[in-house]
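Notes to accompany the following structure.
Counting starts at 1 for both ligands and their atoms, following the listed order.
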Amino acid sequence: MPPSPEPASNLAARLADVDARIAAAAAAAGREPSEITRIVVTKFHPASVVRELYGLGVRDVGENRQQEFSVKAAELEALRDVRWHFIGQAQTNKARAIRAAASMVHSVDRSRLADALDAAAPADAQQLDVLLQVNLTDDPGRGGVHAADLERLATHVAGLPTLRVRGIMAVAPLDVPPAQAFARLPGLSDTVRGVVPDATWISAGMTADFAEAIAVGATHLRIGSAITGPRPERG
Ligand SMILES: *Cc1c(COP(=O)(O)O)cnc(C)c1O
């Protein structure tokens with residue numbers, strides 16, 4: 001028999017399992033699950049998986065590579081109420097394509113990218129929700145603004161008319177326990193709120209560390225493989 005695609009029932013079971021774990025982590029932290037948005041990261045998976053997730057009630061979907069994202073969003077255009085979250089490192093020359101398809105960009109980490117996203121706004125554009133990605137490592141290759149430059153970036157982006165700063169985003173480093181790395185997030189969030197008082201969102205937490213992220217106040221979780229299963233081989 002040829003290998004069959006992932007049965008939808010597995011997807012449903014894993015989604016339910018993750019949601020139960022989110023609820024448990026929220027309860028342990030004295031938080032309401034309703035204040036936490038669970039984004040399903042579907043990178044490397046075909047549009048059909050997003051369609052199945054949609055059938056299971058998923059409306060927040062995350063993608064990290066512009067080209068794959070644009071193709072998938074176009075293919076699924078009929079699913080009007082999907083909110084596409086762009087979570088990957090973005091090149092400025094892709095800003096127009098990203099803006100055209102994204103409801104929210106989590107990975108604004110430099111002024112030039114913010115300027116490009118702002119310039120890419122159509123004439124009648126609503127403001128685009130953006131998060132400022134903070135680098136929790138000392139490796140500039142990992143993406144994200146250095147914490148010392150966060151306030152300056154927040155001030156810059158807050159001045160761009162078509163972007164709305166909603167908060168911060170971070171990825172846990174590989175070499176530090178996530179709880180320890182994420183302990184910095186409330187302070188970094190305060191830094192941004194000093195510039196934009198209602199920018200309260202914190203996007204943090206992936207398959208391996210979403211409970212730790214919930215414990216420090218994450219409002220948006222970006223969960224891939226725990227829900228979708230292992231990612232297919234990259235073509
Ligand atoms: C892939 C990815 C995720 C999801 O990762 P999993 O470990 O599969 O949950 C979250 N955030 C970003 C930025 C990603 O690239």
Tabulating one pair per line, provide the atom names and distances (0.1 Å) for every N/O atom of ligand 1 that is less than 3.5 Å from a protein N/O atom.
residue	atom	partner	partner atom	Å
ligand 1	8 (O)	Ser225	N	2.8
ligand 1	8 (O)	Ser225	OG	2.9
ligand 1	8 (O)	Arg231	NH1	2.8
ligand 1	8 (O)	Arg231	NH2	3.4
ligand 1	9 (O)	Thr207	N	2.9
ligand 1	9 (O)	Thr207	OG1	2.5
ligand 1	9 (O)	Gly224	N	2.8
ligand 1	11 (N)	Arg222	NE	2.9
ligand 1	15 (O)	Lys43	NZ	2.7

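Sorted by first and then second residue, the salt bridge (Lys or Arg N to Asp or Glu O under 4.0 Å) pairs involving residues 183-193 (not counting sequence neighbours) are Asp190-Arg193. Sorted by first and then second residue, the pairs that involve residues 176-211 and meet ring pair (Phe, Tyr, Trp, His ring centres under 6.0 Å), not counting sequence neighbours, are Trp201-His220. A ring pair (Phe, Tyr, Trp, His ring centres under 6.0 Å) check over residues 103-144, counting only residues at least two apart or in different chains, returns the pairs His85-His106.
A donor-acceptor contact under 3.5 angstrom links the side chains of Thr137 and Asn135, judged on distance only. Ser48 and Glu52 are not linked by any side-chain donor-acceptor pair at a separation below 3.5 angstrom, with hydrogens and angles left out of the test.
Between atom CD1 of residue Ile87 and atom OG of residue Ser203 there is a gap of 7.5 Å, rounded to the nearest 0.5 Å.
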